[in-house]
Visitor: 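Sharing a structure, written as structure tokens. Questions coming.
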Amino acid sequence: QVQLVESGGGLVQAGGSLRLSCAASGDTFSSYAMGWFRQAPGKEREFVAAISWSGGSTTYAESVKGRFTISRDNAKNTGYLQMNSLNPEDAAAYYCAVRLRWITVRPEDYAYWGQGTQVTVSS
């Protein structure tokens with residue numbers, strides 16, 4: 001099993017930046033692909049970005065491509081999501097999740113989830 005704890009959320013003005021972190025414990029973090037998802041009130045959870053176990057492969061939702069960057073440091077058992085040029089549509093609870101094998105964009109494919117961190121963007 002893997003336990004995940006997100007941090008780094010908060011309130012930021014439109015155009016600003018935040019870096020989210022996802023600290024993992026338990027099983028070997030480097031064995032897992034990691035994804036970031038978000039969920040705004042009244043909306044379904046949606047894919048944001050994902051990274052392979054090695055960090056060599058990444059994929060992004062079209063809505064964040066060019067603004068967000070996913071990365072990981074397996075030595076620190078931590079994943080990151082750098083978010084730049086934030087806009088009010090990015091406001092949501094952000095969750096990290098992990099799964100064995102390859103990355104996917106479907107939330108149901110991920111086995112372990114963090115509790116989420118809130119991102120609020122003021123216009």
Visitor: I need the minimum non-hydrogen distance between L4 and A24, along with the two atoms involved.
Guide: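 Of all heavy-atom pairs spanning L4 and A24, the closest is CD2-CB, 3.7 Å.
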Visitor: Shortest non-hydrogen contact from S31 to L100?
Guide: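 Minimum heavy-atom separation between S31 and L100: O-CD2, 3.6 Å.
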Visitor: Quick one: pull up CG in L81 and OH in Y94 and give me the separation to the nearest 0.5 Å.
Guide: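 It is 7.5 Å, given to the nearest 0.5 Å.
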Visitor: Would you say F29 and W53 are hydrophobically clustered, going by side-chain heavy atoms of ILVMFWY under 4.5 Å?
Guide: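 No, separate clusters.
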Visitor: Run the ring pair (Phe, Tyr, Trp, His ring centres under 6.0 Å) test against W113 and tell me which residues pass, sequence neighbours left out.
Guide: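 Testing W113 for ring pair (Phe, Tyr, Trp, His ring centres under 6.0 Å), a comparison that skips the adjacent residues, returns F37.
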Visitor: Counting heavy atoms not belonging to E44, are there more than 12 under 6.0 Å from its CD?
Guide: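 Count not over threshold, so no.
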Visitor: Could you give the side-chain donor-acceptor pairs of residues 115-123 under 3.5 Å, partners two or more places apart or in another chain?
Guide:
unit_1	atom_1	unit_2	atom_2	d
Q115	NE2	E6	O	3.4
T117	OG1	G9	N	3.1
Q118	NE2	A92	O	3.3

Visitor: Using every non-hydrogen atom in the two residues, find where V105 and F47 come nearest and quote the distance to one decimal.
Guide: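 Taking V105 first and F47 second, the nearest heavy atoms are O-CB, 3.4 Å.
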Visitor: Report the hydrophobic cluster partners of V5, with the cluster defined as I, L, V, M, F, W, Y residues connected by side-chain heavy atoms closer than 4.5 angstrom, directly or transitively.
Guide: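 Direct or chained contacts put V5 with none.
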Visitor: Give, for atom CD of Q82 and atom OG of S21, the distance between the pair rounded to the nearest 0.5 Å.
Guide: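 OG of S21 is found 9.5 Å from CD of Q82.
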Visitor: Taking atom OG of S63 and atom CG of D90, what is their separation to the nearest 0.5 Å?
Guide: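 S63 atom OG to D90 atom CG measures 7.0 Å (nearest 0.5 Å).
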Visitor: Mind checking what makes side chain to side chain contact (heavy atoms under 4.5 Å, CB included) contact with A111, not counting sequence neighbours?
Guide: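 So A111 forms no side chain to side chain contact (heavy atoms under 4.5 Å, CB included) with any residue.
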Visitor: Are any non-hydrogen side-chain atoms of P107 and Q39 less than 4.5 angstrom apart?
Guide: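 Side chain of P107 against side chain of Q39, heavy atoms only: no contact under 4.5 Å found.
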Visitor: With a 3.5 Å cut-off and no angle check, do the side chains of Y32 and D27 form a donor-acceptor pair?
Guide: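 There is such a pair (donor and acceptor under 3.5 Å, judged by atom type) between the side chains of Y32 and D27.
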Visitor: Of all residues at least two apart in sequence or in a different chain, which pass the side chain to side chain contact (heavy atoms under 4.5 Å, CB included) check with S85?
Guide: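 With neighbours one apart ignored, the set is R67.
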Visitor: Can you list everything that forms a side chain to side chain contact (heavy atoms under 4.5 Å, CB included) with K43? Sequence neighbours excluded, please.
Guide: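 Listed in chain order: A40.
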Visitor: Could you list the donor-acceptor pairs under 3.5 angstrom formed between side-chain atoms of residues 12-19 and any protein atom two or more places apart in sequence or on another chain?
Guide:
unit_1	atom_1	unit_2	atom_2	d
S17	OG	N84	OD1	2.9

Visitor: If every non-hydrogen atom of S71 is compared with every non-hydrogen atom of I51, which pair is closest and at what distance?
Guide: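 Minimum heavy-atom contact is CA-CD1, 3.7 Å.
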Visitor: For T104, give me all partners under side chain to side chain contact (heavy atoms under 4.5 Å, CB included), at least two apart in sequence or on another chain.
Guide: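 R99, W102, R106, D109, Y110.
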Visitor: Would you kindly confirm whether Y95 and L20 end up in one hydrophobic cluster when ILVMFWY residues are joined by side chain heavy atoms under 4.5 Å apart?
Guide: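 No, Y95 and L20 fall in different hydrophobic clusters.
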Visitor: Can you find a heavy atom in the side chain of S25 that is under 4.5 Å from one in the side chain of N77?
Guide: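 Not in contact.
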Visitor: What pairs meet the disulfide (SG to SG under 2.5 Å) rule with one or both residues in residues 8-41, with sequence neighbours excluded?
Guide: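 Matches after skipping sequence neighbours: C22-C96.
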Visitor: Could you pull out all residues at least two apart from E62 that satisfy salt bridge (charged side-chain N to carboxylate O under 4.0 Å, His left out)?
Guide: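 Per chain and number, E62 pairs via salt bridge (charged side-chain N to carboxylate O under 4.0 Å, His left out) with K65.
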Visitor: For a 4.5 angstrom cut-off between non-hydrogen side-chain atoms, does M34 reach I70?
Guide: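 Of all side-chain heavy-atom pairs linking I70 with M34, at least one is under 4.5 Å.
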Visitor: Can you list every disulfide (SG to SG under 2.5 Å) pair that touches residues 39-75, not counting sequence neighbours?
Guide: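 Every candidate disulfide (SG to SG under 2.5 Å) pair involving residues 39-75 fails, so no pair, neighbours aside, qualifies.
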Visitor: Could you note down all residue pairs passing ring-ring contact (aromatic ring centres under 6.0 Å, His included) where residues 57-91 supplies at least one of them, sequence neighbours left out?
Guide: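 The answer is none; no pair qualifies.
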